[in-house]
Amino acid sequence: MPLMIKLNPITSHSQNLPYFVPKPVITSCLISSKFFMPSKFPSNYKLQADNLKKPFMPHGKVLVQNSHPIPQEKIEIFKSMETWVESNILTFLKPVEKCWQPQDFLPDASTDGFDEQVKELRRRANEIPDDYFVSLVGDMITEEALPTYQTLLNTSDGIRDETAASLNSWAIWNRAWTAEENRHGDLLNKYLYLCGKVDMKQVEKTIQYLIGSGMYVGIEKNPYLTFIYTSFQERATFISHGNTARLAMEHGDSKLAQICGIIAADEKRHELAYSKILEKLFEIDPDGTVVAFGEMMRKKITMPAHLMYDGHDPDIFDHFSAAAQRLGVYTANDYADILDFLVNRWKVKELTGLSAEGRKAQEYVCQLGPRIRRLEERAQVRSKEAPSIPFSWIFGREVKL
């Protein structure tokens, strides 16, 4: 999943908001289950000299990109929801002073015991296998590409932040959601730096490549598709971080489990907010919303880091995804479970009075989860022995996919 305010010298609609309020200013994937052959990047992990002379170009460029604005009457639906968003969605945001911060879970460099705290962190990390760190690094890189996700939200009609400091409720949510999510990448990045198990320069390069490349998930400026996508993605990240917490505990690292668990809790809270937006849309415009749900699922929920690249392995996202699936961090079955969960949460099966297009979309999404599971079962039967792949993130050590 896997959003933000401009402040003129005016106040919000409510004077007693329990959620994040900006300080006034004077002026205003499905994860693939197939396995891939080993990458052919140099064992010394150095780029070819000619590549160093080329200007930056996005890796894995998306050549066909659509942008279809929705009709004005649909945009008006989202504008009409602004007061509802203030009362029902902004309440999911926590006041900054009550939010956890990365430093709450990391060794304190200002204390005399910092060196010992780091040594203890590294001792625990040494008991954790490489495949776990590949999955954790992939999760962290995905979190660090947050600028792209805020950009994506601001492409959507009817909900974008027109000034980068708008007081519109959608814009407030967008920025404050981004601010809360920003802590996730910060925390995991600092942990991985301190643990000494990963090649941070390679990780940092991957982050830069990914942000520079962006993402394309077929939302096409459509806020219906945007909120279906974010509802799905937030639940996916909740599951992923929850599973990394579970695995960390199994490896005896309760501190790392706490780190992953606190991030998962944030993702769950954000998932509830996005899902509530869809509940309201199903109430206001059931036909348009179920048609959008069907459209998004036909396109498939592409993971936000699908253009990931480390400078060496052009298939590193697929390799990371396969490693995460083998570990049980995020799987094809999780994808199907999320779809079924959302179908039930939004009571899609119970919708009546739909158009022919709406009924077709309803039938499609309600039957898709079982279809995905059957396809995955067949793929597992056909799959061959998984290869081992070297990952630059862990100094070229190999991990079985």
Side-chain angles (χ1 to χ4, degrees), residues 1-2 29-48 51 58-62 128-145 148 185 188-189 192 197-217 233 236-237 239-241 243-244 247 300-335 376 379-380 382-401:
M1 145 157 131
C29 157
L30 173 61
I31 285 199
S32 173
S33 60
K34 77 173 184 177
F35 297 113
F36 297 83
M37 294 306 294
S39 307
K40 294 180 172 63
F41 54 84
S43 59
N44 60 1
Y45 299 103
K46 290 185 178 180
L47 293 171
Q48 298 291 333
N51 288 340
H59 173 72
K61 295 182 288 294
V62 180
I128 300 175
D130 281 341
D131 53 3
Y132 178 93
F133 277 103
V134 166
S135 182
L136 188 63
V137 167
D139 283 350
M140 183 273 278
I141 291 168
T142 303
E143 294 283 358
E144 289 281 52
T148 299
L188 292 174
N189 195 316
L192 288 166
K197 291 289 293 287
V198 304
D199 185 335
M200 285 305 297
K201 184 169 183 178
Q202 284 301 132
V203 171
E204 290 158 355
K205 284 166 57 179
T206 308
I207 295 169
Q208 185 173 352
Y209 272 116
L210 180 57
I211 295 174
S213 295
M215 64 185 286
Y216 181 75
V217 294
Q233 271 304 314
T237 51
I239 290 170
S240 178
H241 288 301
N243 283 329
T244 55
L247 291 169
K300 299 184 176 64
I301 301 293
T302 302
M303 297 297 108
H306 66 107
L307 296 180
M308 184 183 288
Y309 182 54
D310 65 344
H312 307 293
D313 182 359
D315 296 319
I316 194 166
F317 175 76
D318 295 315
H319 295 154
F320 146 64
S321 299
Q325 168 141 315
R326 187 182 62 79
L327 282 180
V329 170
Y330 183 70
T331 70
N333 283 328
D334 289 325
Y335 184 99
E376 174 62 13
Q380 290 299 324
R382 293 194 303 266
S383 65
K384 299 178 181 179
E385 180 68 20
S388 293
I389 298 292
F391 280 87
S392 66
W393 302 339
I394 51 172
F395 303 97
R397 296 191 297 270
E398 291 190 349
V399 163
K400 187 177 181 180
L401 304 186

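Nothing fancy with the numbering, it's 1 onward along the sequence.
Rounding to the nearest 0.5 Å places CE of Met200 at 4.0 Å from CG of Asn189. A distance of 7.0 Å separates OH of Tyr330 from OH of Tyr335, quoted to the nearest 0.5 Å. Between the CG atom in Leu136 and the CG atom in Asp131 there is a gap of 11.5 Å [rounded to 0.5 Å]. Taken to the nearest 0.5 Å, the CD atom of Gln202 stands 11.5 Å off from the CD1 atom of Ile207.
Checking Asp334 against Thr331 by side-chain atom types alone, a donor-acceptor pair falls below 3.5 Å. Donor-acceptor pairing under 3.5 Å is lacking for the side chains of Asn333 and Glu376. The closest side-chain donor-acceptor pair between Asp139 and Thr244, if any, does not fall under 3.5 angstrom.
Proximity of Leu192 to Val203: side-chain heavy atoms (C-beta onward) are nowhere separated by under 4.5 Å. Put simply, the side chain of Ile141 reaches to within 4.5 Å of the side chain of Met308, judged on heavy atoms. Residues Phe391 and Ile316 have side chains in contact (heavy-atom distance under 4.5 Å, counting atoms from C-beta outward). Annotation: side chain of Thr206 is not in contact with side chain of Tyr309 (no heavy-atom distance under 4.5 Å). For the pair Asp315/Ile389, no side-chain contact is recorded, criterion being any heavy-atom separation below 4.5 Å from C-beta on.
Scanning both residues, Ala305 and Thr142, for their nearest heavy atoms gives CB-OG1, 3.5 Å. Heavy-atom minimum distance, His241 versus Glu143: NE2-OE2, 2.8 Å. Nearest heavy atom pair, residue Leu401 against residue His319, reads CD2-O, 3.3 Å. Between Ala145 and Ile211, the closest heavy-atom pair is CA-CG1, 3.8 Å. Between Lys400 and Ala386, the shortest heavy-atom distance links the atoms CE-O, 4.0 Å. Taking each heavy atom of Met140 and Gly185 in turn, the nearest pair found is CG-O, 4.1 Å.
In this structure Asp130 satisfies the side-chain contact (heavy atoms from CB on, under 4.5 Å) test together with Lys197, Ile394, Arg397, Val399, sequence neighbours excluded. Among residues two or more places apart in sequence or in another chain, the salt bridge (charged side-chain N to carboxylate O under 4.0 Å, His left out) test is passed with Asp199 by none. By the side-chain hydrogen bond (donor to acceptor under 3.5 Å, both in side chains) test, Ser135 pairs with no residue at all, sequence neighbours left out.
The closest donor-acceptor contact from the side chain of Ser213 to the backbone of Tyr209 lies under 3.5 Å. Counting only distance, with no hydrogens or angles, the side chain of Gln325 and the backbone of Ala332 share a donor-acceptor pair below 3.5 Å. For Tyr216 (side chain) and Leu307 (main-chain N/O), no donor-acceptor pair under 3.5 Å exists by modelled atom type.
At a threshold of 4.0 Å, the pair Asp310-Lys205 does not count as salt-bridged, since none of the basic side-chain nitrogens sits closer than that to a carboxylate oxygen.
For Gln208, the CD atom counts as loosely surrounded, since its 6.0 Å shell holds 12 or fewer non-hydrogen atoms of other residues, nucleotides or ligands.
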